[in-house]
J.: 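Please see the structure below; I have some questions.
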There are 2 protein chains.
Amino acid sequence: MILKKKGLKVTPQRLEIMRYLDKNRIHPSIDHIYTQLKMKNPSLSKTTVYNVIDDLSENGVIQVLTINKSEILCDFNNDPHHHFMCKECGSISDLEDRYNFDIIEQIRSEGFRVDEAFGYFRGLCISCNNKNEKKVD
Amino acid sequence: MILKKKGLKVTPQRLEIMRYLDKNRIHPSIDHIYTQLKMKNPSLSKTTVYNVIDDLSENGVIQVLTINKSEILCDFNNDPHHHFMCKECGSISDLEDRYNFDIIEQIRSEGFRVDEAFGYFRGLCISCNNKNEKKVD
DNA sequence: TTATATTTTGTAAATATTACAAGTAAGGTA
DNA sequence: TACCTTACTTGTAATATTTACAAAATATAA
Ligand SMILES: [Mn+2]
Ligand SMILES: [Mn+2]
Ligand SMILES: [Zn+2]
Ligand SMILES: [Zn+2]
């Protein structure tokens, strides 16, 4: 059990939130998670969602994205990978692993201690870009 | 004049903010800019700082960073370059150009339209990392 | 100089996040 | 199992950032 390993107590709220993030790899916001889980767990508090996300990210279980200035986004996948935000539909896509993080080693060699790395890109996703090009035709 | 070229009127407030960003390449927050300029320009409104930063970034004059979840940071240098945030002293360092953005072409070739690219790294800056290692000794 | 559209300003509203204290529950111990 | 201690959850209030808005001021072109 990943929570026990980190010294965190196993609570229904933490399990629900982790399960939700695991099954919904859409990089949801705190409010999104809260609204979705509140339906089946009416006693859930938004503060709890904040607390759980903080605990999980501080313990390296999940990662928190700041690609968006308006709110943080949550990602169950804590492997280093880049993200693309579509300015049209707002979707956040994962970018393939092959866009690697060699750069981190270069930065380390300069004397930095690198704990976290984020690659954020913005523009139009494949789907919106296709629609956009058709309009131009 | 860069403002005229973009069809933006040349106002003292815009000039002051641009001059400040040009001379202070520390990636200041809105509040930082406001506090600094308010001293010599007591009539300056924080709304104006927000408006000017929006106008300048929408017109590609400056860039806005979301490396930090608590507030946006402003960068007069709008060339693509990566940033490093120190968790100890809070400084934001520019990373060298040689950490290139080849990856953008790869993403484009997949069908995305890439307008903006950001590489954000967090950890300890060179200075704080040195101090940290001495403590361990 | 005058006209017009743009910009600035102050205030208020909206949102996201954090602080806090009281109640609740998890997990260890006997 | 029953109890204890500590960690967690919850609701509310406070804080902080950002946006909305309308009136006043100003830049620029004619
Ligand atoms: Mn992801
Ligand atoms: Mn920079
Ligand atoms: Zn899209
Ligand atoms: Zn530092």
Side-chain angles (χ1 to χ4, degrees), chain A residues 1-20 27-59 61-74 85 90 92, chain B residues 1-20 27-59 61-74 85 90 92:
Chain A
M1 188 71 92
I2 187 149
L3 289 174
K4 278 181 187 166
K5 218 185 300 176
K6 301 287 184 178
L8 297 171
K9 285 188 175 173
V10 179
T11 68
Q13 293 86 350
R14 286 175 173 167
L15 289 176
E16 276 294 315
I17 291 171
M18 288 176 70
R19 213 166 1 237
Y20 181 80
H27 310 95
S29 66
I30 296 281
D31 192 67
H32 188 108
I33 297 168
Y34 171 70
T35 305
Q36 292 300 112
L37 296 184
K38 182 80 173 175
M39 297 190 295
K40 292 195 174 178
N41 311 68
S43 71
L44 181 66
S45 165
K46 189 178 275 192
T47 299
T48 297
V49 182
Y50 275 104
N51 289 338
V52 170
I53 294 301
D54 282 353
D55 295 338
L56 294 179
S57 67
E58 278 168 18
N59 284 280
V61 180
I62 67 171
Q63 64 177 311
V64 162
L65 310 179
T66 62
I67 192 171
N68 195 326
K69 79 174 156 184
S70 64
E71 62 195 350
I72 61 171
L73 302 180
C74 306
M85 170 180 236
I92 311 280
Chain B
M1 188 71 91
I2 187 149
L3 288 174
K4 278 182 185 164
K5 218 186 300 176
K6 300 288 185 178
L8 298 171
K9 287 188 174 172
V10 179
T11 68
Q13 293 85 350
R14 284 175 174 165
L15 289 177
E16 276 293 317
I17 291 172
M18 287 175 72
R19 211 163 5 233
Y20 181 79
H27 310 96
S29 66
I30 296 282
D31 191 67
H32 188 108
I33 297 168
Y34 171 71
T35 304
Q36 292 300 113
L37 296 183
K38 182 80 173 176
M39 298 191 294
K40 291 196 174 178
N41 311 68
S43 71
L44 180 67
S45 165
K46 189 177 276 191
T47 300
T48 298
V49 181
Y50 274 104
N51 289 338
V52 170
I53 294 302
D54 282 353
D55 295 339
L56 294 179
S57 68
E58 278 168 17
N59 284 279
V61 180
I62 67 171
Q63 63 178 310
V64 161
L65 310 179
T66 64
I67 192 171
N68 196 325
K69 78 174 156 184
S70 64
E71 61 196 350
I72 62 171
L73 302 179
C74 306
M85 170 180 236
I92 312 279

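In what follows, every chain begins at residue 1, and chains take the letters A, B, ... in the order their sequences are listed. Quantities reported herein were computed from a predicted structural model and do not represent experimental measurements. Keep in mind that the numbers below use all heavy atoms, side chains included, and drop hydrogens, waters and symmetry copies.
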J.: Would one find a side-chain N or O of B:Gln13 under 4.0 angstrom from OP1 or OP2 of C:dT9?
T.: yes

J.: Please report, rounded to the nearest Å, how far the P atom of D:dT26 is from the CG atom of B:Leu15.
T.: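 Result: 15 Å.
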
J.: What's A:Pro42 touching, base or sugar-phosphate or nothing? Going by heavy atoms closer than 4.0 Å.
T.: nothing

J.: When you measure from the side chain of A:Lys38 to the backbone N and O of A:Leu44, does any donor-acceptor pair fall under 3.5 Å?
T.: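 Yes: the side chain of A:Lys38 pairs with the backbone of A:Leu44.
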
J.: Could you tell me whether the phosphate oxygens of C:dT8, OP1 or OP2, come under 4.0 Å of any side-chain nitrogen or oxygen in B:Thr11?
T.: yes

J.: Output the rounded distance in Å from CG (B:Leu44) to C1' (C:dT7).
T.: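 Interatomic distance, CG of B:Leu44 to C1' of C:dT7: 13 Å.
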
J.: Indicate, with a heavy-atom threshold strictly under 4.0 Å, whether A:Ser70 touches base, sugar-phosphate, or nothing.
T.: sugar-phosphate

J.: Any N or O donor-acceptor pair linking the side chain of A:Thr47 to the base of D:dT12 at under 3.5 Å?
T.: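 Under the 3.5 Å cut-off, the side chain and the base do form a donor-acceptor pair.
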
J.: How many Å lie between CG on B:Asp31 and P on D:dT18, as a whole number?
T.: 9 Å

J.: Touch check for B:Thr48, heavy atoms < 4.0 angstrom, all strands: base, sugar-phosphate only, or nothing?
T.: base

J.: Does a side-chain heavy-atom distance below 4.5 Å link B:Val52 with B:Ile33?
T.: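 B:Val52 vs B:Ile33: side chains apart.
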
J.: Shortest non-hydrogen contact from A:Tyr34 to A:Ser45?
T.: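 Here A:Tyr34 and A:Ser45 meet closest at CE1-C, 3.7 Å.
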
J.: Take atom CG of A:Leu8 and atom C1' of C:dG27, then tell me their distance rounded to the nearest Å.
T.: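 Checked: the CG to C1' distance equals 13 Å.
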
J.: Starting from C1' on D:dA16, measure out to OH on A:Tyr50 and report it in whole angstrom.
T.: 12 Å

J.: For C:dT9, take OP1 and OP2 only and decide whether either is under 4.0 Å from a side-chain N or O of B:Ser43.
T.: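 True: B:Ser43 side-chain N/O within range (under 4.0 Å) of C:dT9 OP1/OP2.
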
J.: Looking at B:Lys69, is its backbone amide N or carbonyl O close enough to the side chain of A:Thr66 to form a donor-acceptor pair, meaning the two atoms are under 3.5 Å apart?
T.: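 Between the backbone of B:Lys69 and the side chain of A:Thr66 there is no qualifying donor-acceptor contact (under 3.5 Å).
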
J.: Return whichever of B:Val10 or A:Lys69 has its heavy-atom-nearest nucleotide of DNA chain D closer to the 5' end.
T.: A:Lys69

J.: Could you state the CD1-C1' distance from B:Ile53 to D:dT19, rounded to the nearest angstrom?
T.: 16 Å

J.: What is the separation between atom CZ on B:Arg14 and atom P on D:dA27, rounded to the nearest whole Å?
T.: 11 Å

J.: When the nearest nucleotide of DNA chain C is assigned to A:Ile30 and to A:Asn51 on a heavy-atom basis, which residue is associated with the more 5' position?
T.: A:Ile30

J.: For B:Ile72 and A:Lys9, take the nucleotide of DNA chain D holding the closest heavy atom to each; which residue's nucleotide lies nearer the 5' end?
T.: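 Counting from the 5' end, the first nearest nucleotide belongs to A:Lys9.
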
J.: Closer than 3.5 angstrom, by distance alone: can the side chain of B:Asn59 be matched with the main-chain N or O of B:Val61 as a donor-acceptor pair?
T.: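 No, B:Asn59 side chain to B:Val61 backbone: no donor-acceptor pair under 3.5 Å.
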
J.: Check the distance between D:dG11's P and A:Tyr34's OH and give it to me in whole angstrom.
T.: 7 Å

